[in-house]
Amino acid sequence: MAKKIVSDLQVKGKKVLIRVDFNVPMKNGVITDDTRIRAALPTIEYVVNHGGKAIVFSHLGRIKEEADIAKNDITPVAKRLEELIGKPVKFVNATRGKELENAANALNEGEILMFQNTRYEDLDGKKESKNDPELGKYWASLGDVFVNDAFGTAHRAAASNVGIAANVKETAAGFLLEKEIKYIGGAVDNPVRPYVAILGGAKVSDKIGVIEALLNKADKVLIGGAMMFTFLKAMGKNIGTSKFEEDKLDLANELLAKGKGKLVLPVDTVVNKAFEDVKGTVKSVDALDADDMGLDIGPKTLELFAKELNGAKTVVWNGPMGVFEMKNYAAGTIGVCELLANLKDANTIIGGGDSAAAAESLGYADKVSHISTGGGASLEYLEGIELPGIACVDEK
Ligand code: ADP
Ligand code: MG
């Protein structure tokens, strides 16, 4: 079974509701990174180029109190969309009401309308985030068909995804969501083997579910990042002052037992005496001093990972290998980017906010198969949890 895609819909003359993820970073009302807006352009362009009337909407930030309203005004996003798409974008500064309804009904084929931040509705009993049924029904009434292209929020049932889908005749995935389903969904449902997972980042506790799921699914699970030290400590090694989680040592032991033959831990690390960006020292994981803090995986570990990745056909990577934000501790993360880039005929997938940002800033965006647009959503998807924002999309 495959999901219906926007290109499967007859959009001509129809009001097409398009849920996008325009939750862009902003500073004092100015957009600092418009990647997410660019990423949604193919779906919006498809609709308007095929005679659809596009009604585009997104959440932006979190709305908990009155003061959050002005801070999360989505008007600058509508302006940027207009610049990027090269067409006028009508904007209604409301999430419901006569003005919005009239604007939707007045749309001509090929025109675009955007309305205010869907989470403005959260001020009144979290109507958007808690999927208030009346709100979903109301938004659905503004259009004829629904396209969900917001992967970043697909792991939560909101009025603007599941709520609308329950009240329209047809729901399809946008091209961005389609890509997430193809790559991450593909790795979950039937990965081409050998299937190697690489996990790193800050904490074991953030990723327990995904480690367990991948230990069941993947052929090998390579561990780096700060989470490696929870495992190494559980194995009885001296980890100096490296970051680890005391309350996850038992769990780490369980995972070590369960993952015998699958779980691959680093053999060396780059240490420093303090958490600062000065040149570190490479040490075997068996030779740390009491005042050593491991901030990256070492070169021997990269060699080991290269061997494990040799011939891999599916690779999923979540979590940086070290403190890549510091140039002296970025080598492990760069090294893994390089290993992925050099794999032949492999599906290489990067998920997780920081790992995705690392791969992009290091220039590897075009050298892997897919960089996921959703941090939390990609973790839950990899875990094998059904995402409501995908489940609500019709099958073909
Ligand atoms: P992602 O967002 O990709 O899922 P995480 O949020 O789990 O990744 O972790 C990213 C953070 O982990 C980065 O800020 C990085 O500096 C930190 N990190 C990685 N390795 C270490 C380490 N050895 N010590 C301390 N922090 C680390
Ligand atoms: Mg993160």
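Since the structure is predicted, the reported quantities are computational estimates derived from the model, not experimental observations.
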Exercise. Walk me through it: do K130 and D122 pass the test salt bridge (charged side-chain N to carboxylate O under 4.0 Å, His left out)?
Key: CA-CA 8 Å; K130 289 207 165 141; D122 277 358; over 6 Å; no
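- Smallest separation of non-hydrogen atoms from F115 and A94: CB-O, 3.4 Å.
- Side-chain contact between T32 and M26 is absent, with no heavy atoms from C-beta onward closer than 4.5 Å.
- Electrostatic pairing of K3 and E178 does not count as a salt bridge here, judged by no charged N lying under 4.0 Å from a carboxylate O.
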Exercise. Show your working on side chain to side chain contact (heavy atoms under 4.5 Å, CB included) between E246 and T230 and close with a plain yes or no.
Key: CA-CA 7 Å; E246 181 80 55; T230 302; over 6 Å; no
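- Under 4.0 Å is where a charged nitrogen must lie from a carboxylate oxygen, and between R38 and D34 at least one such pair does.
- By the 4.0 Å N-to-carboxylate-O rule, E82 lies too far from K87 to be salt-bridged with it.
- Residues Q116 and V92 form no side-chain contact, since every pair of their non-hydrogen atoms from C-beta on lies 4.5 Å or further apart.
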Exercise. Walk me through it: do I85 and E45 pass the test side chain to side chain contact (heavy atoms under 4.5 Å, CB included)?
Key: CA-CA 8 Å; I85 207 160; E45 275 165 351; 3.9 Å; yes
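- Electrostatic pairing of R80 and E83 counts as a salt bridge here, judged by a charged N lying under 4.0 Å from a carboxylate O.
- Annotation: the span from L81 atom CG to F22 atom CZ amounts to 5.0 Å, rounded to 0.5 Å.
- More than 12 heavy atoms of other residues, nucleotides or ligands lie within 6.0 Å of NZ in K90, so this atom counts as buried by the packing criterion.
- When only modelled atom types and interatomic distance are considered, N318 and K207 share a side-chain donor-acceptor pair under 3.5 Å.
- Taking CD of E325 as the reference point, atom CG of D277 lies at 10.0 Å (rounded to 0.5 Å).
- In this structure, M321 and I198 have side chains that are in contact, with non-hydrogen atoms separated by less than 4.5 Å.
- For the atom pair CD1 (I349) and CH2 (W317), the distance works out to 13.5 Å, reported to the nearest 0.5 Å.
- Considering only heavy atoms from C-beta on, D68 stays 4.5 Å or farther from Y120 through its side chain.
- More than 12 heavy atoms of other shown residues, nucleotides or ligands fall within 6.0 angstrom of atom NZ in K217.
- Side chains of T314 and V196 form no contact here, defined as non-hydrogen atoms less than 4.5 Å apart.
- The neighbour count for Q10 CD, taken as heavy atoms of other residues, nucleotides or ligands under 6.0 Å away, does not exceed 12.
- Of all non-hydrogen atoms in A359 and C337, the two that sit nearest each other are CA-SG, 4.0 Å.
- Salt bridge absent: D268 and K300 never bring a charged side-chain N and a carboxylate O closer than 4.0 Å.
- S58 places a side-chain heavy atom less than 4.5 Å from the side chain of I74.
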Exercise. Kindly determine whether E134 and K137 satisfy salt bridge (charged side-chain N to carboxylate O under 4.0 Å, His left out), including the steps that lead there.
Key: CA-CA 5 Å; E134 287 310 313; K137 196 168 173 188; 5.2 Å; no
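- For F175 and Y46, the ring centers are positioned less than 6.0 Å apart.
- V264 has its side chain out of reach of I223: every pair of non-hydrogen atoms, C-beta onward, lies at least 4.5 Å apart.
- Between the side chains of D149 and T43, at least one donor-acceptor pair of N or O atoms lies under 3.5 Å.
- The residues E170 and K4 are annotated as salt-bridged, a charged nitrogen and a carboxylate oxygen being separated by less than 4.0 angstrom.
- A heavy-atom distance below 4.5 Å is found between the side chains of I164 and F57.
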Practice problem: Go through the steps to decide whether R19 and E128 satisfy the test salt bridge (charged side-chain N to carboxylate O under 4.0 Å, His left out), and finish with yes or no. | Solution: CA-CA 13 Å; R19 172 51 156 113; E128 152 74 324; 3.7 Å; yes
Quiz item: Can you check side chain to side chain contact (heavy atoms under 4.5 Å, CB included) on F146 and V16, steps first, answer last?
Solution: CA-CA 6 Å; F146 177 45; V16 185; over 6 Å; no
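- Comment: K283 engages D289 in a salt bridge, judged by a side-chain N to carboxylate O separation of less than 4.0 angstrom.
- In this structure, the separation between CG on D132 and OH on Y138 is 13.5 Å, given to the nearest 0.5 Å.
- If you take CZ on F91 and CG on L100, they are separated by 10.0 Å, rounding to the nearest 0.5 Å.
- Heavy atoms of other residues, nucleotides or ligands lying less than 6.0 angstrom from CG of D250 number 12 at most.
- Between the CH2 atom in W139 and the CG atom in L135 there is a gap of 4.0 Å [rounded to 0.5 Å].
- Crowding of R193 atom CZ: a count of heavy atoms from other residues, nucleotides or ligands under 6.0 Å exceeding 12.
- In this structure, a donor-acceptor pair under 3.5 Å is absent between the side chains of K233 and N238.
- Ionic pairing of K237 and D286 is present here: one or more N-O contacts between side-chain nitrogen and carboxylate oxygen are shorter than 4.0 angstrom.
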Practice problem: Would you please test E121 and R96 for side chain to side chain contact (heavy atoms under 4.5 Å, CB included) and show each step? | Solution: CA-CA 9 Å; E121 292 283 344; R96 61 169 86 212; 2.8 Å; yes
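- Geometric assessment of K367 against the ring of Y364 yields a positive cation-pi assignment under the 6.0 Å and 45° thresholds.
- The number of heavy-atom neighbours closer than 6.0 Å to NZ of K273, taken from other residues, nucleotides and ligands shown, is above 12.
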